[in-house]
Structure formats: C-alpha cells, structure tokens
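This report concerns only the one structure given below.
Order of the sequence lines sets the chain letters (A, B, ...), proteins ahead of strands, with each chain counted from 1. Quantities reported herein were computed from a predicted structural model and do not represent experimental measurements.
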Amino acid sequence: MFSEKLLTWYDLSQRRLPWRIQKKNPYYTWLSEVMLQQTTVATVIPYFNRFTQKWPEIQNLAAASLDEVLIEWQGLGYYSRARNLYKCAQHLTKSFPQEEHELINLPGIGPYTAAAIASIAFNKKAAAVDGNVIRVLCRYYGLDTLNPYEPVRAKLLKLLPEARCGDFTEALMELGALICRPKNPSCESCPFQKTCKGYEMGKPESFPNKPPKKKLPTRYTTAFIIQREDGAIWLRRRPSQGLLGGMMEVPSTPWTEEKNSEEKLTVKHTFTHFHLNAALCYADKPMEGEGIWVQPHDLKKHALPTVMKKIISTGLKGRE
DNA sequence: GAAGCGTGGTA
DNA sequence: TTACCAAGCTT
C-alpha cells in the first residue's frame, strides 16, 4: 500500500537528474551517492557532469592521479571523500560488488551508501537510511526519539517492496527532498497527508527530534601571500590526512584560538567545527620546506580548497 | 560513541 | 550576521 502509493507519486514527480538519465549504471550511482553525502543536489550536479565527462568509466577514474581527482573535487568539500573515492576506484576496477555486506568494506562506502548502491544500482532489498528517510519516517510515524536510526531502519525494512526496491529507495528520498522538506514541508501536496502522524499532530516540522548544536569556536591565523617579482605565488601541499588533506595552501601560522593583533586585511571562513579568521601578511621570499611557484593564471591547475581561494584572491586584490 | 571533516544556500 | 542545514564516513 505505502510502496505502491510512493512509487506512483515518484513516477509522476521525480526530477531528471544526471545520474538518473542512464538507468542502472553502477558507476553513476556510486559517484553520485558519494558526492551527495552531506551535500545538496544543486551543488553536486556540475561536479558530477564534469567527472563523468572527464572519466566516462571507472577505469578512467582509476587511471588518473589522486591530484587530478582532488583538482576536480576542489570546492565540493569533505576531501576525504575524494581520497577514498580514488582508493575505491582501484577496487571497483577489478570487480564491482552487488551486495550490501561487500560494498560496505570499500573505502568511503558506509552503511547508507552501501545500501543505496545495492538497492539503486542492483535492485537489492537493502535499507538505505539517510537524513531524508529519517525525516520522512519520523514524521509519518510520529517518532520523537533522539536516536531514530535503528527504529527507522526497522520500519524501512518492513516497507521495502519485493519489486522496484531501487526506485522505492530513491522515491522515499525524493519525497523528503521535494515534499517532506526540513522546513516548510508541502503537506498539502503530499500523498501521505491523511495517514501521517506528524501532520495529524499539527507539527510535522518538529520531527525528527534533534539535540541543540554547540556554538562553534573561532580560530585565528596569519596567512602569508608570498609573491615573487614576476607575480608567481608560493604554494605548498597540506599533509595527506586531516583537514583539507592533500590540498594545496598558502603557508600560515598554526590555527589556534589565540586572537590576532588587529590586522587591516582578514578573511573569514567557516568549517564544519570552527570559524577561521585569517589575517593576511605579504612577503616575497619563500618559506622553508617544499613548495612551488604558481602564476595566478595557473592557480586553476592546482587543488585549492575554497578557503585558500578566498585568501589568495583577497590578498591579490588588497595589494593593488 | 563522540569528534573531525567543507561548502554554499537560506531564513 | 549568525545559525542551520544537505542523499554520512572514519577514527
């Protein structure tokens, strides 16, 4: 009953997304699911299109270098995804598992993504529990527990149909994205309005029950815009693990909670777990250690995270 | 199990 | 401006 109604709605209302054009392409499913982790559809679309144009098959992606992948990934965030994607491509080139319990052993593929790939690409009966599914089912069943993952997973397993498992998985997430939105849900056009507990209670937006978030600390640094007479800028590579791992950067002092002396030019940027306040400082001699000179025109050839693009562009403008 | 891990859009 | 959020994974 539930699944029939959901699939009918989905057949009528689904968006045409690049990874849905070619039906059942496991490479597309895997790539899109990794890109969509904690990231909006609108942000992912151009990245997905560039990746699949540059690397039409997994073999092409696996044959690239990690730096090439990081360059294409720059700006998308959570760069461990790109590192794991690259590592995972090496495995998938040999064989592409169809089962959830095999997929979950691959780098960058966790419980959600394993179930999503098994279900969407191979039509297996797997329970993909993401933020959408948690929101939709918590509202529908009026679940107000602070840890809804397991209860939602149990409900989902009972709802999953024998046929069209993959479409059902996509449909439930699509309902969450288009109708059962986090804010301003469109209950008037929801096919499940009549039987939705959250709607009946008059407060669908209060589900799921989330703990309050802590305030983010601010860290401070001084970033060095080191520019040679011919205009080239000094860059170096960050350590391969941790924050912005493997990406390029301009040198900077350690990022600590000690405030800067008030500088003229600063760049502010917010990461997942802290705000960064970078005071800019100009120099013309390189720092110790490894690094490269890059002409401003060639910056696009290097894997720069957004925070570094902001620092460099602000630094170059501020110098004029 | 809690913390670390990006970014851009929206209210 | 600040806060919150968006198809989670790893350690």
Side-chain angles (χ1 to χ4, degrees), chain A residues 14-15 17-20 28-48 70 73-85 87-88 103-117 119-121 126-137 146-147 149-150 152-153 156 166 168-178 180-185 205 208 210-219 238-247 249 255 268-277 303-310:
Chain A
Q14 65 169 291
R15 290 168 291 181
L17 300 173
W19 44 92
R20 288 182 184 158
Y28 282 14
T29 305
W30 164 60
L31 180 61
S32 63
E33 288 301 337
V34 171
M35 286 182 165
L36 285 163
Q37 290 166 5
Q38 301 289 284
T39 310
T40 59
V41 165
T43 300
V44 164
I45 287 173
Y47 283 88
F48 179 88
L70 289 174
W73 197 276
Q74 62 180 311
L76 196 52
Y78 286 132
Y79 297 98
S80 69
R81 290 186 297 173
R83 305 194 299 269
N84 285 327
L85 184 86
K87 222 184 297 178
C88 191
L103 288 160
I104 202 169
N105 293 321
L106 296 169
I109 298 183
Y112 162 74
T113 306
I117 295 172
S119 153
I120 296 169
V129 179
D130 77 328
N132 286 306
V133 172
I134 288 176
R135 186 172 61 256
V136 170
L137 295 188
L146 273 173
N147 298 301
Y149 181 85
E150 281 304 331
V152 163
R153 187 170 175 284
L156 177 57
F168 180 88
T169 295
E170 289 201 83
L172 200 52
M173 295 191 287
E174 193 79 338
L175 187 75
L178 299 182
C180 199
R181 298 179 294 248
K183 295 171 187 171
N184 302 315
E205 291 171 83
K210 288 188 176 176
K213 304 228 167 152
K214 291 170 197 165
K215 248 189 70 180
L216 301 184
T218 299
R219 296 184 191 168
R238 292 177 63 85
S240 59
Q241 299 298 321
L243 183 67
L244 309 176
M247 304 292 285
E249 67 170 1
W255 302 5
K268 292 182 180 180
H269 187 82
T270 300
F271 292 98
T272 311
H273 51 299
F274 64 93
H275 301 291
L276 181 69
N277 185 317
L304 286 167
T306 299
V307 63
M308 291 301 155
K309 288 186 177 176
K310 276 159 78 171

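Distances shorter than 4.0 Å separate some side-chain N or O of A:His273 from OP1 or OP2 on B:dC5. The shortest distance between the side-chain N/O atoms of A:Tyr149 and the OP1/OP2 oxygens of C:dG8 is not below 4.0 Å. The side chain of A:Thr306 contributes an N or O atom lying less than 4.0 Å from OP1 or OP2 of B:dT7. Contact check, A:Ser80 against B:dG4: no side-chain N or O comes under 4.0 Å of OP1 or OP2. Taking only side-chain nitrogens and oxygens, A:His269 never comes nearer than 4.0 Å to OP1 or OP2 of B:dG6. Side-chain nitrogen and oxygen atoms of A:Lys309 include none within less than 4.0 Å of the OP1 or OP2 phosphate oxygen of B:dT7.
Both A:Leu106 and A:Ser32 lie near DNA chain C, and the one whose nearest nucleotide falls closer to the 5' end is A:Ser32. Sequence order on DNA chain B of the closest nucleotides to A:Phe274 and A:Lys310 puts A:Phe274 first from the 5' end. Both A:Arg15 and A:Ile109 lie near DNA chain C, and the one whose nearest nucleotide falls closer to the 5' end is A:Arg15.
For the pair A:Leu76 CG and B:dG8 P, the computed distance is 10 Å after rounding to whole Å. Atoms CD (A:Gln38) and C1' (B:dG4) sit 12 Å apart, rounded to a whole Å. Rounded to whole Å, the distance from NE2 on A:His275 to C1' on B:dT7 is 14 Å. For A:Leu70 and B:dG6, the CG to P distance is 11 Å, given to the nearest whole Å. Between the P atom of B:dT7 and the CZ atom of A:Phe271 lies a distance of 6 Å, rounded to the nearest Å. The nearest whole Å value for the distance from the CD1 atom in A:Ile104 to the C1' atom in C:dC9 is 10 Å. The interatomic distance linking A:Ile117 (CD1) with C:dG8 (P) rounds to 13 Å, in whole Å. At whole-Å resolution of the value, OH in A:Tyr47 and P in B:dT7 are 9 Å apart.
Closest heavy-atom contact between A:Leu304 and A:Lys309: O-CE, 3.7 Å. Residues A:Gly176 and A:Arg135 share a closest heavy-atom pair of O-NH2, 2.8 Å.
For the residue pair A:Arg81/A:Thr39, the side-chain donor-acceptor check at 3.5 Å is satisfied. Using modelled atom types, one finds a donor on one side chain and an acceptor on the other under 3.5 Å when comparing A:Tyr112 with A:Glu33. Counted by atom type alone, A:Lys268 and A:His275 present zero donor-acceptor pairs between their side chains at under 3.5 Å.
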**Study point:** A:Lys183 and A:Glu205: CA distance, side-chain angles, deciding distance, salt bridge (charged side-chain N to carboxylate O under 4.0 Å, His left out) verdict
**Key:** CA-CA 6 Å; A:Lys183 295 171 187 171; A:Glu205 291 171 83; over 6 Å; no
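Contacts of A:Arg238 with the nucleic acid, taken as non-hydrogen atoms under 4.0 Å apart, are absent. Using a 4.0 Å heavy-atom cutoff across all strands shown, A:Gly176 reaches no nucleic acid atom at all. Using a 4.0 Å heavy-atom cutoff across all strands shown, A:Leu17 reaches at least one base atom of the nucleic acid. Residue contacts shown for A:Arg219 are absent, as no nucleic acid heavy atom lies under 4.0 Å away. Using a 4.0 Å heavy-atom criterion, one finds that A:Arg135 contacts the sugar-phosphate atoms exclusively. Within the 4.0 angstrom heavy-atom criterion, base atoms lie near A:Val41.
For the P atoms, the distance from B:dG6 to C:dT11 is 13 Å, rounded to whole Å.
The aromatic rings of A:Phe274 and A:Phe271 lie tilted to each other, with the angle between the two planes from 30° to 60°.
Contact of A:Thr113 with C:dG8 (side chain to base): no donor-acceptor pair of N or O atoms is detected under 3.5 Å. For A:Thr39 against B:dG6, a side-chain-to-base donor-acceptor contact under 3.5 Å is present.
In this structure, of B:dA3, C:dT10, C:dG8, it is B:dA3 that holds the atom nearest to the side chain of A:Lys214. With C:dC9, B:dG4, B:dT7 as the choices, the nucleotide that has an atom nearest any side-chain atom of A:Pro305 turns out to be B:dT7. When distances are taken from the side chain of A:Lys215 to each of C:dT10, B:dG4, C:dA3, the shortest belongs to C:dA3.
Looking at heavy atoms from C-beta onward, A:Leu76 lies in side-chain contact with A:Thr43 at the 4.5 angstrom threshold.
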Distances for protein N or O near nucleotides 9-11 of chain B N or O, under 3.5 Å:
none

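Ring centroids of A:Trp19 and A:Phe48 are separated by less than 6.0 Å, placing the two rings close together.
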